[in-house]
Amino acid sequence: MDHLTSIEKDARYIWHPYTQMKTAAPPLPIVRGEGALLIAEDGKTYIDAVSSWWVNLHGHGHPYIAERIATQARTLEQVIFAGFTHPPAVELAERLLQILPSNQAKVFYSDNGSTAVEVALKIAIQFFHNQGIIKKTIIAFEHGYHGDTFGAMSASGDLSFNIAFQDYLFQVKHIPPPLPGQEEASLQAMNKILGENEVCAFIFEPLVMGAGGMLMYAPEMLDQLIKMAHYQGVICIADEVMTGFGRTGKLFASHYLHEKPDIFCLSKGLTGGFLPMSVTTCTQAIFDAFWSDDKYKALFHGHSYTANPLGCAAALASLDLLEQEDCQQDIHEIIQQHQGFKEKLARHPKIIEIRQTGTILAIEFKTSEGTSYFNNLRDQFYAFFIERGVLLRPLGNVIYILPPYCIREEQLNKIYSVIEEALFIP
Ligand code: PMP
């Protein structure tokens with residue numbers, strides 16, 4: 001078998017995520033990463049314009065994070081987290097609570113964005129169950145995306161990739177997100193559902209709805225929706241899995257709000273993109289509904305690798321870097337550079353809309369097929385960018401840039417120039 005190349009072995013043994021294995025091009029073998037660059041087996045480099053599925057913050061192979069993980073690995077690599085604790089988990093929880101909105105009081109660890117959402121939904125549901133209150137309705141946004149496990153799929157909007165599972169998902173009431181032009185429809189739908197149902201939770205991606213097409217809406221609108229929900233005692237869940245840790249220009253998208261969500265889901269950038277880890281945080285009042293002499297009122301959720309010390313060490317190191325003035329300056333420069341490119345493309349005839357929130361820039365292309373995840377333009381663009389050494393993964397007809405903060409000015413300019421070149425594809 002050793003005569004096979006790594007690509008041939010990959011084809012023989014591996015099933016890749018979100019990939020039609022029959023028709024997809026062979027995967028690119030990446031052997032190294034450095035800053036915003038991915039380096040392939042053949043020496044070719046690719047600018048990682050999407051932070052490797054939105055996880056990387058400070059660059060690939062960052063020596064400071066790598067060193068902190070290595071030190072932790074030699075000290076304590078893993079320990080069961082029921083009945084035990086360890087310093088990196090305690091320190092990380094304390095630091096996260098210092099930077100999250102001030103109503104957050106408790107941190108629950110899990111492994112990825114989807115499980116952070118599962119935990120949030122379970123907490124909200126059991127919060128009422130533990131008090132003997134019957135409140136069952138969950139509200140979420142149309143076009144929202146919260147992950148690939150069953151609870152997260154249920155909360156997600158009507159996405160084309162969840163069709164096979166529709167009959168197995170639990171009922172969630174979806175309202176239009178308050179996108180520009182449909183603010184009133186969103187408020188009215190929320191009002192109607194709150195009036196007709198006993199609502200348990202409202203889950204949302206604050207300000208930027210990622211996988212649904214980098215849809216963006218104003219914080220004032222979310223404030224209004226949360227206010228309405230809070231008035232009825234609804235638990236508001238901010239899924240900041242994608243927006244967390246600086247992507248929107250502030251540490252969390254919720255920092256643009258006046259209202260404070262009750263639960264937060266964080267993952268992706270949490271470890272700087274080094275290790276899979278997530279947290280679900282909540283208020284003291286929510287935690288108190290689980291605090292009891294009754295064992296059945298405990299939160300029955302946990303994973304083998306809960307609060308993995310290596311993940312915690314990576315997250316602590318990533319937070320050190322994120323809080324440095326240099327990193328905040330990098331974020332500021334990306335925002336400014338994006339603004340320049342946005343203005344340059346503003347009235348291009350092939351563009352429906354170009355929108356920006358912080359370091360995230362999304363360009364919606366006109367296409368005869370309309371807006372859809374499976375739009376053929378997507379595959380054409382993807383290959384076009386890869387050929388030119390840039391990793392961009394359009395969502396249907398939406399090309400977006402979501403770079404690591406260490407990206408250099410000339411690397412961003414190269415991304416802009418390949419996007420401009422793509423505008424000339426007939
Ligand atoms: N929530 C949001 C807002 C996301 O963008 C994602 C992933 N793209 C998830 C949840 C799920 O995260 P994971 O892929 O780590 O399960």
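Every value quoted in this text rests on a predicted model; they were computed, and no experiment measured them. Counting convention: from 1, in listed order, for ligands and their atoms alike.
- Of the charged side-chain nitrogens involved, at least one lies within less than 4.0 Å of a carboxylate oxygen, so that Arg355 and Glu364 count as a salt-bridged pair.
- Where the criterion is an N or O separation shorter than 3.5 Å, residue side chain and backbone included, Gly113 meets it with respect to ligand 1.
- Among all non-hydrogen protein atoms, the one lying nearest atom 8 (N) of ligand 1 is Lys268 NZ, 3.0 Å.
- The residue from Thr243, Asp239, Leu270 that puts a heavy atom closest to atom 2 (C) of ligand 1 is Asp239.
- Remark: ligand 1 atoms within the under-4.0 Å shell around heavy atoms of Met242 are 5 (O).
- Taking only nitrogen or oxygen atoms, main chain and side chain alike, Trp54 does not reach within less than 3.5 Å of ligand 1.
- Ring to ring, Tyr64 and His58 are not that close: their centroids are 6.0 angstrom or more apart.
- At a heavy-atom distance under 4.0 Å, only side-chain atoms of Glu205, from C-beta outward, approach ligand 1.
- Using 4.0 Å as the threshold, Trp53 has no heavy atom nearer than that to any atom of ligand 1.
- In this structure, Phe381 and Phe385 have parallel ring planes: the angle between them is below the 30° cut-off, well short of the 60° mark.
- Near Ser114, meaning under 4.0 Å from any of its heavy atoms, are these atoms of ligand 1: 11 (C), 12 (O), 13 (P), 16 (O).
- Residue contacts with ligand 1: Glu240 is excluded, as none of its non-hydrogen atoms falls under 4.0 Å.
- Two rings, from Phe384 and Tyr382, have their centers 6.0 Å or more apart.
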